[in-house]
2 protein chains.
Amino acid sequence: MVVDQLSESEVDRLFHALADRTRRSIVLRAISEEHSVSALAAHYAMSFAAVQKHVSVLEQASLVTKEKRGREQIVRANRDAVRKARHLLDEYELIWRQRIDRITEILAEDE
Amino acid sequence: MVVDQLSESEVDRLFHALADRTRRSIVLRAISEEHSVSALAAHYAMSFAAVQKHVSVLEQASLVTKEKRGREQIVRANRDAVRKARHLLDEYELIWRQRIDRITEILAEDE
DNA sequence: ATAATCTACAACCAAATGGTTGTAGATCAG
DNA sequence: CTGATCTACAACCATTTGGTTGTAGATTAT
């Protein structure tokens with residue numbers, strides 16, 4: 001599985017984008033359905049510009065895409081980015097299993 | 001599955017901790033085997049104090065635990081925290097599937 | 001044509017982040 | 001005992017972050 005191939009900086013951006021509750025909330029909304037930026041902004045107790053910045057952070061992390069439609073900018077979540085983040089965490093689990101295997105092996109040799 | 005139950009702040013800390021390549025690297029090392037803080041620090045081109053801070057961030061995110069052994073502080077990765085992070089991302093996938101299902105349903109009604 | 005809506009973007013600000021150096025307390029080795 | 005090692009923690013600094021307000025350009029509705 002030659003998936004991923006994310007640079008360290010991209011991973012930085014990806015997790016950093018997810019490390020804010022407003023942004024996670026935006027991603028969830030964008031997963032469920034399309035929204036314009038101002039439609040999203042309506043849900044939060046902060047300025048439109050602040051939400052705009054959050055969307056921009058998500059966009060640079062590839063978690064979201066924007067597409068102009070008339071005067072609106074439609075925000076869509078990018079399923080692949082979330083998958084990649086998940087896959088990264090899967091690798092951690094893998095390392096763990098390798099460690100367990102290694103230890104098990106050593107214990108077996110002691111028999 | 002009544003897993004998770006992480007507060008938003010805990011999720012913030014978790015992803016924020018993962019959003020730094022040095023910290024991710026530390027976690028990977030700690031998964032593979034136990035290290036003292038200074039043993040970890042030896043691998044990075046930054047001061048001991050800087051690494052100490054990174055470990056502290058990881059600790060507050062529950063990604064790592066420290067245990068005093070003599071004059072050393074042994075760092076161990078916490079498998080459960082990584083699992084929780086993964087599980088969070090799984091939920092995003094779930095929302096996506098729900099959306100697909102919803103759309104499929106609507107399309108079926110149109111038949 | 002005018003007004004309302006949606007967006008972009010700059011300038012600003014306080015707080016957090018990621019690094020540094022320096023000092024001091026425990027613990028271990030010779 | 002003395003010196004080396006490991007850690008804790010404070011103080012400091014530059015940059016980034018997450019928010020604000022304000023201005024201006026497009027697009028849409030009346």
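Chain letters run A, B, ... following the sequence lines, proteins first, then strands; residues in each count from 1. Just so it is clear, the structure is predicted and the values come from calculations on it, not from any experiment.
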*asked:* Looking at A:K66 and A:E59, is there a salt bridge between them, counting it only when a charged N and a carboxylate O are closer than 4.0 Å?
replied: yes
*Using side chain to side chain contact (heavy atoms under 4.5 Å, CB included) as the criterion, list what pairs up with A:R76, not counting sequence neighbours.*
A:E34, A:T65, A:E67, A:R69, A:I74
Can you check the [X] [atom1] to [N] [atom2] distance for me, whole Å?
X	N	atom1	atom2	result
B:Q73	D:dT7	CD	P	7 Å
B:H16	C:dA15	NE2	P	18 Å
B:D12	C:dT17	CG	P	10 Å

Can you name the nearest heavy-atom pair linking [X] to [Y], along with the distance?
X	Y	answer
B:A61	B:A17	CB-CB, 3.6 Å
A:Y44	A:R29	OH-NE, 2.9 Å
A:I31	A:A77	CG1-CB, 3.5 Å

*How would nucleotides 19-30 of chain D be written as a contact map, 5' to 3', with B for base contact, S for sugar-phosphate-only contact and - for no contact, using protein heavy atoms under 4.0 Å?*
BBB-----BB--
*Residues within residues 24-43 of chain A bordering DNA chain C, heavy-atom distance below 4.0 Å*: A:S36, A:V37, A:S38
_Going by side-chain hydrogen bond (donor to acceptor under 3.5 Å, both in side chains), name the residues that satisfy it together with A:S7, two or more places apart in sequence or in a different chain._
A:E10
*With sequence neighbours excluded, what pairs up with A:D80 under the side-chain hydrogen bond (donor to acceptor under 3.5 Å, both in side chains) test?*
none
*asked:* If the cut-off is 4.0 Å, is A:Q52 near the phosphate of C:dA8, judged by side-chain N/O to OP1 or OP2?
replied: yes
*asked:* Using the salt bridge (charged side-chain N to carboxylate O under 4.0 Å, His left out) definition, which of the options A:R23, A:R24, A:R21 pairs with B:E8?
replied: A:R24
*Any donor-acceptor pair under 3.5 Å linking the side chain of A:S56 with the backbone of A:Q52?*
no
*Are the side chain of B:R86 and the backbone N or O of A:D90 linked by a donor-acceptor pair below 3.5 Å?*
no
*Output the residues of residues 57-65 of chain A in contact with DNA chain D, where contact means a heavy atom of the residue under 4.0 Å from an atom of the strand; sort by number or write none.*
none
